[in-house]
Amino acid sequence: MKKVRFAPAPTGYLHVGGARTALFNWLYAKNTGGKLVLRIEDTDAVRSTEESTKAIFDSLEWLGIDWDEGPFFQSGRKEIYRKYAQELLSKGLAYESDEVKGAHKAVIFKLPDNRKIVVRDLIHADVEFDTSVLKDIVLMKSDGTAAYNFACVIDDHLMGITHIIRGDDHISNTPKQILLYEALGFPLPEFAHVPLILGPDGSRLSKRHGATSVGQYKKEGYFSKAFVNFLALLGWAPGDNREKMSIEEIIKSFSLERIGKKGAIFDVKKLQWLNGVYIREMSLEALTSAVLPYLEESGITNKDTDEDHFKFIISLVQERLKTFSEITELAGFFFAKDIEYDESAVKKYLLKEGVAGILGKIINEIEREDAFSAAALEKSFIGVKEEMNISNSKLIHPVRVAVTGSAASPPIFETMIGIGRENCLKRLKNTLSFLNAGKFPFKIQGPGANA
RNA sequence: GACCCCAUCGUCUAGUGGCCUAGGACACAGGGUUUUCAUCCCUGCAACACGGGUUCGACUCCCGUUGGGGUCGCCA
């Protein structure tokens, strides 16, 4: 039985690189019918925090990654590490440091001279190191806790890990760990070092490239299934051109052999596209509940809005959404008390000859008609069009800007129905008075916003 | 700097010596549908880093160069 592990240090939120490592481990376990162990590497008492641990659990849960054993905390296993350190000490393979840095004496592993260590890696070929380029390995720190390479080796052995799947950045630790496996008399596990996730400039993905924590992507309104799908395709490919894959399909096709050796740049554009694909396939119910928190948070939901009406509005923007959070931008005007206008839309469609007259006419037509349906609206629009002898677009565009504040919206009749008769009338009249006053409440353009 | 890893379109990748005038997806550009936007459809753009070998034949194998990345903590 294969057994893998995910072993994050709780010194910050779950990084997307860590998330992918966790995912690959999880996928490997699922694919082979093996087990996944979760181990929290909190030997650094100063930097490890409970919040981080919690954030990691939250993110793993959001991603849908569960584990079969653990979580084990290294902070609770000090005695175990101490025992093995003592063993190496008494065998003469390790020595105590003379440097006094803390309450204890650090225990350090003495490296053999000029030995070649070959790391057999499932992703890379064999990688050879010479011990002459390595330094002695700290086993126990002078604060009495175990150092990474030591705790890692002992735990991986004691927990029965058969395959160590971890980031590429650990490859240079591996020869040291192999030496420790040997010294301790532990059998060697298999290693698979997956390439790192890179930022747009090709260097390791970090904060300066933008969002790096899984929590951030959740917050920005990405659907966990889309995110996982995207992550799986970063450095791994099924080999048959599939892009959108269900988690079951991914599990079924997953293999270590198909993981690439090259670092992969995190392409947010592709994530957005994939997220849009998932959103378009969501049920209205699911999408509505996914999107609701964003509307509530920005305070634009209208409590009077009934469920069906709400869903109707969601259905209008569903295919336009790339992330859940965009709902406020795309559907905010349906709920807003007073709309703000996009400056360039006003210039383009409202500040034109005859627009005031056209808006006045459509107000009349709508007021004269009791019904407020697509059919009724169409009748009103045709009425104005014929009476004023104007083209459809001469009418539709100004009305759209008048009722939404924007030049882009879902189809005009549905949009108006979503806004409601009274609100439409009110906005039309407001627009008319702004037009007369020559002054509009313009939307503040955020950075990157385009008219 | 030392050691290690990596190298196909801008990006993610397919490709394991002939199937390659190198395939798909994202992005981008143009067009159609929608008198808006989005969706959808069509078209286009665009790559084997370079130089040597090996071979009847190299994107695929070997060597070198260049470029990029990672690691060099009593952090993990």
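What you see is a predicted model; the values in this text were computed from it and never measured. Order of the sequence lines sets the chain letters (A, B, ...), proteins ahead of strands, with each chain counted from 1.
- Note on Arg400(A): every side-chain N or O is 4.0 Å or more away from OP1 and OP2 of C37(B).
- Whole-Å rounding puts the Lys116(A) NZ to C3(B) P distance at 11 Å.
- Contacts of Lys101(A) with the nucleic acid, taken as non-hydrogen atoms under 4.0 Å apart, include base atoms.
- When the C1' atom of A27(B) is taken as reference, atom CZ of Phe230(A) falls 12 Å away, rounded to whole Å.
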### Summary
For nucleotides 60-68 of chain B, 5' to 3', base contacts (B), sugar-phosphate-only contacts (S) and non-contacts (-) with protein non-hydrogen atoms under 4.0 Å give ---------

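- In this structure, Ser393(A) reaches the bases: a heavy-atom distance under 4.0 Å links it to at least one base atom across the strands shown.
- Heavy atoms of Lys322(A) sit under 4.0 angstrom from primed sugar atoms or phosphate atoms, though from no base atom.
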## Note on the structure
Going 5' to 3' through nucleotides 5-12 of chain B and flagging B where a protein heavy-atom sits under 4.0 Å of the base, S where only the sugar-phosphate is that close, and - otherwise, we get SSSS--SB

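- A sub-4.0 Å separation between OP1 or OP2 of A76(B) and a side-chain N or O of Arg39(A) is absent.
- Map Ala408(A) and Arg280(A) each onto its nearest nucleotide of RNA chain B; the residue landing nearer the 5' end is Ala408(A).
- Note on Ala237(A): only backbone sugar-phosphate atoms sit closer than 4.0 angstrom, heavy atoms only; bases stay farther off.
- In this structure, Ala9(A) reaches the sugar-phosphate backbone alone: every heavy-atom distance under 4.0 Å involves primed, P, OP1 or OP2 atoms, never a base.
- Residues Arg204(A) and Thr212(A) bring no donor and acceptor atom of their side chains to less than 3.5 Å of each other.
- Across the interface with RNA chain B, nearest-nucleotide mapping of Leu271(A) and Pro410(A) shows Leu271(A) to be the residue nearer the 5′ end.
- Here His170(A) lies in heavy-atom contact (under 4.0 Å) with a base.
- A distance of about 41 Å separates the P atoms of C41(B) and G51(B), rounded to the whole Å.
- Residue Asn229(A) contributes atom CG, which lies 15 Å from atom P of A25(B) at whole-angstrom precision.
- Between A25(B), A76(B), U71(B), one nucleotide has an atom nearer to the side chain of Arg204(A) than all others, and that is U71(B).
- The aromatic rings of Phe191(A) and Tyr181(A) stand perpendicular to each other, their planes meeting at an angle above 60°, with 30° marking the opposite boundary.
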